[in-house]
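Since the model is a prediction, treat every value here as computed from it, not as a measurement. Each chain gets a letter, A, B and so on, in the order the sequences are listed, and its residues count up from 1.
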There are 2 protein chains.
Amino acid sequence: MKRTRVTLRDVARRLDVHPSTVSRVLNPRTRSMVADAMAERVMEAVEDMGYRPNPFAYSLKTNRSFIVGVLIPDITDPLFPPIIQGAERTLAGAGYTTILADTDNDPERQRVNFEIMRERQVDGLIIATARFEDPVIAEHRGGDIPMILVIRTINDPAMPCVINDDAYGIGLIVSHLAALGHRRVAHVAGPQDVSTARVRHRAFEDAMRKAGLEPDPSLIQFCCSFAEEEGRGAASDLLERGETFTAIVAANDLLAIGCLDALALFGKRCPEDVSVTGYNDMPFVDKIQPPLTTMRIPHDEMGAMAARLLLKRIEGDATAEGSISIRPELVVRASTGPVAAGKK
Amino acid sequence: MKRTRVTLRDVARRLDVHPSTVSRVLNPRTRSMVADAMAERVMEAVEDMGYRPNPFAYSLKTNRSFIVGVLIPDITDPLFPPIIQGAERTLAGAGYTTILADTDNDPERQRVNFEIMRERQVDGLIIATARFEDPVIAEHRGGDIPMILVIRTINDPAMPCVINDDAYGIGLIVSHLAALGHRRVAHVAGPQDVSTARVRHRAFEDAMRKAGLEPDPSLIQFCCSFAEEEGRGAASDLLERGETFTAIVAANDLLAIGCLDALALFGKRCPEDVSVTGYNDMPFVDKIQPPLTTMRIPHDEMGAMAARLLLKRIEGDATAEGSISIRPELVVRASTGPVAAGKK
DNA sequence: CTGAAAGCGCTAACAT
DNA sequence: ATGTTAGCGCTTTCAG
């Protein structure tokens, strides 16, 4: 039923010229090879006949797809849409189309999607699904397809990435808490196979020491994923065990929200009894009760940066900067406050 | 640098058979044409040599891309990620790849992206960007590329879509409010060029009358977009004008959140002074202050349904059901309450 | 059951 | 400045 598309040959025939002439006119790089008068006529016919180049023919010939793949662990995590948006916008501006895959936080699905994208001959890959030790990425490192990581990085400092400076951010948070008089600070850590969670955990301990506070191992809870329920569970454990603390540094906002839930469940007030901090400043954390103190990261900008870096590499600029680390910004809201007089 | 891929011919040469034999083995539909023994040998070589079919060659030949385009108005609106996820998952399961475009709520960008997808020869389109009168969609209606709308529909009942039953949902909300004793109910309506906003507005007036309450035109405020600031502005206008009302039906959650802001700004308490309702039950509206009464829509399921319907159509099932309308579910939280004694 | 041949629509070397 | 030729990797008649 598909009414057959207008081809290059159709246009050529109508003008009684050779297809390659038409091709040359259409390609900016070869456009100068053809006489202006001819070019004019060609453009007119192209316009008139509604000619659209066939991308498959082009790609088959040139091995360039003008498609970039984006791998996301979970698109319903509010962290990722801005990244996708930033990347997609930049990519579209450069004439690239974005293909999206949601790996559902599953390494196996990541592998499969990686494979699919390879088969589809994407010109490059933006990856937000990296685990710290990631065989799939390691395997393709140095392969023929340019890749860049966003948000999460891997166990290899040479791998190009756009991340935020987690150590710096956690440092800011701990200082903020210390300045408010907190000494017993708990940490609800994220899944340690993800770089952000891992770095934040290390940074938490370092920053505590730097603030003259020995981190107490019994105040550190590890979560299996960056999910609200995990945060709720972790904080509940702390509370159930009867640990004493006046603040919780959660590894991200979702975890922090879970902590808030647990606090409410146990009849603790935030920030009067326990202060809580998040990380990411994701949408609407300023609307929750209490509004969350957190670290702001320019996610859309990071998506755009990743896309730009990738494009440079795709376009063969070997001198393109390797990686970018962004300094996040502390946003103080009502979930943190001074330690109550009696609790110091 | 691209090490040249293994082709069908390479495999054929190694086995000393004709490329078409290999092709036949690989294609399920023609697989039966070749002897089992031969097929076995072929599969082995394919495996062994790591052969991957070239999708461009395939598509060039067959005019099938196994790509579906998804058009989204704004991926950072929490409404859409679940839809994308549901669709992408279903599509991936059927061997299709998803290409994503964010039109930024801009009709012009919608047109451009539509065009790009056409050029890319997507096998089908899932569209969440429809405006009620949408020339771009109308133009391609009946064209050669299957399309299905999600969430928002157009001015043409015959157009296949997966939507929720807005009239039913608004009816539930108005009944809920009426049962709580509200008589002066305001409506913060969405952009009237979008079907959801339009239907919700009509349904609001109808439901009010059905509840024996004449809708007061001075209590209806129109917004230009489904954005928080718009909701804030609309509610502020109502309040500034000194209108009297005890409840606001907002056309969606984002607008409702804006209303909540405005109420707080004007020193009104929710729900004691004014009840507020949203629509969508987007993530985290249960965490805001006060937790929002709203309508729940199974967004991910709708994305999946849209994908399934589209696939049927792509695969040439003309008898595929046309459209689906889902009944949403009222979720009562703390943003609605009985009218205060003195205000009735 | 397998081979031969043609061609999808385009680009790029090579010729003129 | 334009035309010629070949071929990207695959599917699909048509023969045998």
Practice task
Please determine if a side-chain N or O atom of A:Arg9 lies less than 4.0 Å away from the OP1 or OP2 oxygen of C:dC8.
Solution key: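 For C:dC8, OP1/OP2 do have a side-chain N/O of A:Arg9 under 4.0 Å.
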Practice task
Please determine if a side-chain N or O atom of B:Ser23 lies less than 4.0 Å away from the OP1 or OP2 oxygen of D:dC10.
Solution key: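 No.
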Handout entry: Residues that B:Ser23 engages under side chain to side chain donor-acceptor pair (under 3.5 Å), provided they are two or more places apart
Key =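 Result, side chain to side chain donor-acceptor pair (under 3.5 Å) vs B:Ser23: none returned.
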Exercise for the section: With sequence neighbours left out, write down each residue that passes side chain to side chain donor-acceptor pair (under 3.5 Å) with B:Arg141, or none if nothing qualifies. Expected result: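 Partners of B:Arg141 by the side chain to side chain donor-acceptor pair (under 3.5 Å) criterion, ordered by chain and then number, come out as B:Asp156.
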For [X], salt bridge (Lys or Arg N to Asp or Glu O under 4.0 Å) partners two or more places apart:
| X | value |
| --- | --- |
| A:Arg24 | none |
| B:Glu139 | B:Arg111 |
| A:Glu115 | A:Arg118 |
| B:Glu44 | none |

Interatomic distance, [X] [atom1] vs [N] [atom2] [rounded to whole Å]:
| X | N | atom1 | atom2 | value |
| --- | --- | --- | --- | --- |
| A:Asn63 | D:dG7 | CG | C1' | 12 Å |
| A:Tyr58 | D:dG9 | OH | P | 16 Å |
| B:Arg64 | D:dT12 | CZ | C1' | 16 Å |
| B:Leu8 | C:dA6 | CG | P | 19 Å |
| A:Phe56 | D:dT11 | CZ | C1' | 15 Å |
| B:Leu60 | C:dC10 | CG | C1' | 8 Å |

Handout entry: Strand-adjacent residues in residues 45-54 of chain B, judged by heavy atoms under 4.0 Å from DNA chain C
Key =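 Within residues 45-54 of chain B, no residue comes under 4.0 Å of DNA chain C.
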Exercise for the section: Kindly determine whether B:Ile127 and B:Ile148 satisfy side-chain contact (heavy atoms from CB on, under 4.5 Å), including the steps that lead there. Expected result: CA-CA 6 Å; B:Ile127 302 174; B:Ile148 186 148; over 6 Å; no
Problem - Contact list for residues 87-96 of chain B, test salt bridge (charged side-chain N to carboxylate O under 4.0 Å, His left out), sequence neighbours left out - result: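 Residue pairs with at least one partner in residues 87-96 of chain B: A:Asp104-B:Arg89.
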Handout entry: Non-neighbouring partners of A:Thr90 that pass side chain to side chain contact (heavy atoms under 4.5 Å, CB included), sequence neighbours left out
Key =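 Per chain and number, A:Thr90 pairs via side chain to side chain contact (heavy atoms under 4.5 Å, CB included) with A:Ala304, A:Ala307, A:Arg308, A:Leu311.
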Problem - Contacts of B:Phe132 that satisfy side chain to side chain contact (heavy atoms under 4.5 Å, CB included) - sequence neighbours left out - result: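 B:Phe132 satisfies side chain to side chain contact (heavy atoms under 4.5 Å, CB included) with B:Asn155, B:Ser195, B:Arg198 once adjacent residues are dropped.
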Practice task
Enter the inter-axis angle for the ends of the helix from C:dC1-D:dG16 to C:dT16-D:dA1 (five pairs per end, rounded to 10°).
Solution key: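 Nearest ten degrees gives 40° for this helix.
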Handout entry: Reading 5' to 3' through nucleotides 1-6 of chain D, protein heavy-atom contacts under 4.0 Å coded B for base, S for sugar-phosphate only, - for none
Key = BBBBB-
Problem - Salt bridge A:Arg14-A:Asp48, side-chain N to carboxylate O under 4.0 Å - result: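 So A:Arg14 pairs with A:Asp48 through a salt bridge.
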